[in-house]
Asker: 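Below is a structure I'd like to ask you about.
Per chain, numbering begins at 1; letters A, B, ... match sequence-line order.
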Amino acid sequence: MKRRSKGLVVALILLLTIPAVWATGTKEAAATESNVIKVFGNFRGEEAARFDEVVKIFNEKTGYNVVYEGSPEFETQILIQAEAGTPPDIAALPQPGLMKNFAEKGYLKPLAQSVLDGINSNYAPVWRELGSYDGTTYGVFHRVSAKSYVWYPKKAFEAKGYKVPTTWDELKALEQQIIADGGTPWSIGFEAGNATGWVGTDWIEDLMLRTAGPEVYDKWVNHEIPFDDPAVQKAFSYFGEIIQDPKEVYGGATNILTTSYGDAIKPLFENPPAAYLHRQANFITTFMPEDIQANLADEVGVFALPAIDEQWGVPMLGAGDQYVAFSDKPGVMEFLQFLTTWESCVPLAKAGGALFPHLDQNLADYGNPIEQQMAKMLMEAKVFRFDGSDLMPAEVGAGSFWTGMVDYVSGRDVKTVLSTIEQSWPQ
Amino acid sequence: MKLTAKTAKHNKLILVLLIFLCIVWSIPTVGMLVTSFRDKDAVSSSGWWQAYKTPSAFTLANYDEVLGGQHFTVGTASGSTESRRGVSMASAFISSITVTVPAVIIPILVAAAAAYAFAWMSFWGRKLFFATVIALLVVPLQIALIPILRDYQSIGLNGTYLGIWFAHSGFGLSLAIYILFNYISTIPRSILESAFIDGANHFTVFSRLILPLSIPALASFAIFQFIWVWNDLLVALVFLSGSGQKMDVVTVRLMNMAGTRGTEWHLLTAGAFISMILPLIVFLSLQKYFVRGLLAGSVKG
């Protein structure tokens with residue numbers, strides 16, 4: 001008898017709690033469903049908290065309820081959601097290819113005229129092109145990153161009397177000077193789990209822009225010239241000069257392949273520095289040791305990777321998320337239009353780790369002098385190109401190009417590497 | 001005499017071997033525990049086995065950030081920076097419990113009833129249905145995600161707890177039915193027959209005889225399912241996203257805490273220990289059934 005009543009109580013509790021919990025779950029969903037504008041992206045943690053401040057300004061101004069959510073599996077999820085017909089209202093797509101894919105299938109809403117006006121007046125034309133497919137513009141860029149930066153440990157660098165190079169020859173001379181002083185010029189790290197090698201692709205893209213120029217770069221990215229074209233070989237030879245000389249790179253080839261891209265900045269801040277130069281995008285500041293980050297302006301120096309052929313100025317390589325609309329709910333286009341204004345960038349610029357393409361930007365709004373300097377270099381660049389490996393088909397841009405860079409650093413000759421990549425290009 | 005000495009020696013050897021294996025298997029966990037108490041720069045500059053060299057690097061900060069919310073510096077509309085605390089683990093814990101408990105109970109109840117029917121009731125198509133259920137064991141859940149999401153969208157179950165309970169229950173059911181069938185079908189027929197002679201119907205037999213008798217099998221499946229659902233990332237991401245951060249389960253919250261590029265990965269070790277607590281409690285409290293349950297259905301003859 002006692003046993004039976006015990007069982008009964010358990011069953012009763014279960015019966016009562018299940019619907020109760022369910023009710024709270026659905027109520028929450030139902031209450032927010034009606035007026036929420038969902039924004040979905042891949043940035044999380046602190047970056048998401050910073051973006052929330054941007055959203056807050058918009059919500060307070062307009063009364064809409066925009067909610068941002070980030071996911072570690074964004075690229076997979078957005079595909080599933082789009083296919084299943086449950087996409088967010090707005091998504092921040094990291095690759096232009098993803099936008100084109102969705103636009104081709106008709107999932108995306110073209111931008112309203114108000115947004116286009118914002119883009120036309122506040123962005124360089126290259127950004128509108130990157131957000132367009134087949135003559136229609138779908139994407140708005142907001143926070144971007146630029147990659148053509150070389151970092152150095154300011155105090156040690158200046159103590160040795162080194163000068164920031166403005167031409168490729170000066171850079172080469174600086175490398176020789178560092179070697180002559182018993183130091184090592186470069187620290188390079190390729191390791192990134194199953195994405196190992198992407199750091200190398202950025203190097204090659206930067207060198208392509210500097211040796212072959214933007215037009216050939218575009219042809220290369222679109223496969224209008226083969227991957228093993230002499231122009232690409234030339235870019236590789238410039239990279240080879242650095243990585244094939246054990247004196248040039250801290251730890252030599254083995255270290256390049258086994259050092260994680262985030263750790264490769266750390267040798268610069270050892271005492272004395274184990275290396276003096278590191279080429280990486282603006283986000284690398286978040287990987288610097290905490291005491292360096294706390295004192296960025298005094299500890300760190302940055303310059304743009306110098307031009308090789310002066311006719312294109314100092315080109316900038318970069319990337320960024322583009323915001324696209326999956327729905328035409330009221331408020332969606334207003335939010336995208338808001339992203340084209342400098343007002344929506346100020347909180348992120350202030351907090352650091354972000355650059356913007358907006359033409360009306362106020363450099364004083366950036367949180368520290370280093371970022372002001374980087375933003376200035378980005379704005380002054382005559383040539384800006386999107387990260388080529390993100391534009392190439394995934395088989396190459398997220399596959400054979402990465403592994404090819406690893407093979408090249410391990411010592412395989414450039415012709416074999418390039419023809420292997422060329423063969424992997426989908427027909 | 002000679003024989004026993006030999007066995008004793010043997011036993012000692014096995015004991016030493018077992019202790020050795022236990023130590024080897026625990027090393028990663030010990031490493032994680034040590035790492036979870038070290039500060040960020042120490043974690044990335046030296047291994048946990050060198051932790052004794054930098055005693056000043058020991059800190060509770062990781063646990064503080066995981067439990068109380070991360071420290072963020074954000075810019076504000078007025079153009080200043082402020083520090084904020086991010087969401088803490090506590091709400092994710094509650095969310096995870098809300099997802100996991102029904103997602104364990106529902107399939108157990110359904111599967112026990114189904115297993116009873118497959119084992120002891122005769123109805124048309126029994127073998128065919130059973131074969132279908134077993135065939136579903138080999139279907140990977142990933143291929144079902146898009147169709148289910150589409151259906152959920154049309155009936156409004158997307159992003160609700162009810163939806164994810166059904167999803168987890170569905171994905172867990174075929175294994176549950178299989179395990180419980182093998183166990184329940186080994187219960188001696190004589191017990192059931194005597195119950196039927198005493199006038200019991202199928203429901204009474206099921207609730208008063210079968211359920212109490214199959215507790216070891218139920219408990220071992222409960223452990224499997226609990227750990228699977230608790231550690232699940234994919235299903236939670238697919239069926240619970242779109243609600244801001246309100247319904248994040250522990251695994252999702254932890255991944256998000258690591259940041260976009262995983263720069264905050266030192267928090268993962270502390271987070272892992274916190275998220276481990278509940279599965280450990282469940283395992284230890286059901287463990288006495290588990291060993292018996294592992295053999296469930298294995299001696300069907």
Asker: Output the option from A:Asp263, A:Ile80, A:Thr286 having the highest count of non-hydrogen pairs under 4.5 Å with chain B.
Answerer: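 Counting heavy-atom pairs under 4.5 Å, the top option is A:Ile80.
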Asker: Minimum heavy-atom separation for A:Gln77 and B:Val238, please, with both atom names.
Answerer: NE2-N, 4.1 Å
Asker: Give a yes or no on whether the backbone of A:Gly45 and the side-chain of B:Gln70 come within a donor-acceptor separation of less than 3.5 Å.
Answerer: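 No, the answer is negative, given that no donor and acceptor are paired below the 3.5 Å cut-off.
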Asker: Nearest 0.5 Å, please: how far is CD in A:Glu69 from CG in B:Asn256?
Answerer: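 The CG atom of B:Asn256 sits 8.0 Å away from the CD atom of A:Glu69.
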Asker: Where the side chain of B:Thr260 meets the backbone of A:Arg44, is there a donor-acceptor pair that is under 3.5 Å apart?
Answerer: yes
Asker: Name the region of A:Phe58, side chain, backbone, both or neither, that has any atom closer than 4.5 Å to a heavy atom of chain B.
Answerer: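 No part of it gets close to chain B.
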Asker: Could you tell me the separation between the OG atom of A:Ser71 and the CG atom of B:Leu233, rounded to the nearest 0.5 Å?
Answerer: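 These two atoms lie 7.5 Å from each other.
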Asker: Can you name the residues that form a salt bridge (charged side-chain N to carboxylate O under 4.0 Å, His left out) with A:Arg143, not counting sequence neighbours?
Answerer: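 Salt bridge (charged side-chain N to carboxylate O under 4.0 Å, His left out) list for A:Arg143, sorted by chain: A:Glu47.
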Asker: Taking salt bridge (charged side-chain N to carboxylate O under 4.0 Å, His left out) as the test, write out the residues that go with B:Lys40, two or more places apart.
Answerer: A:Glu290, B:Glu264
Asker: Around atom OH of A:Tyr250, are there more than 12 heavy atoms of other residues, nucleotides or ligands at under 6.0 Å?
Answerer: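 No - once you tally the heavy atoms of other residues, nucleotides and ligands closer than 6.0 Å, there are 12 at most.
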Asker: Between A:Ala351 and B:Gly75, which heavy-atom pair has the shortest distance, and what is it?
Answerer: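 Minimum heavy-atom separation between A:Ala351 and B:Gly75: CB-N, 3.6 Å.
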Asker: Please classify the contact between B:Ser80 and chain A as side chain, backbone, both or neither, with a heavy-atom cut-off of under 4.5 Å.
Answerer: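 Answer is backbone: N, CA, C or O of B:Ser80 sit under 4.5 Å from chain A.
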Asker: Around atom CH2 of A:Trp342, are there more than 12 heavy atoms from other residues, nucleotides or ligands closer than 6.0 Å?
Answerer: yes
Asker: Search all heavy atoms of A:Glu83 against all heavy atoms of B:Ile146 and return the closest pair with its distance.
Answerer: CB-CD1, 3.8 Å
Asker: Between A:Lys266, A:Glu73, A:Arg50, which has the largest tally of heavy atom pairs under 4.5 Å with chain B?
Answerer: A:Arg50
Asker: Does a sphere of radius 6.0 Å around CG in A:Asn194 hold more than 12 heavy atoms from other residues, nucleotides or ligands, not counting ones at 6.0 Å or beyond?
Answerer: no
Asker: Distance check, rounded to the nearest 0.5 Å: B:Thr76 atom OG1 versus A:Ile57 atom CD1?
Answerer: 8.0 Å
Asker: If I measure from the heavy atoms of chain B, does A:Pro72 come under 4.5 Å with its side chain, its backbone, both, or neither?
Answerer: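 Contact with chain B involves both backbone and side-chain atoms of A:Pro72.
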Asker: Roughly how far, to the nearest 0.5 Å, is CD of A:Glu46 from CE of B:Met257?
Answerer: 12.5 Å
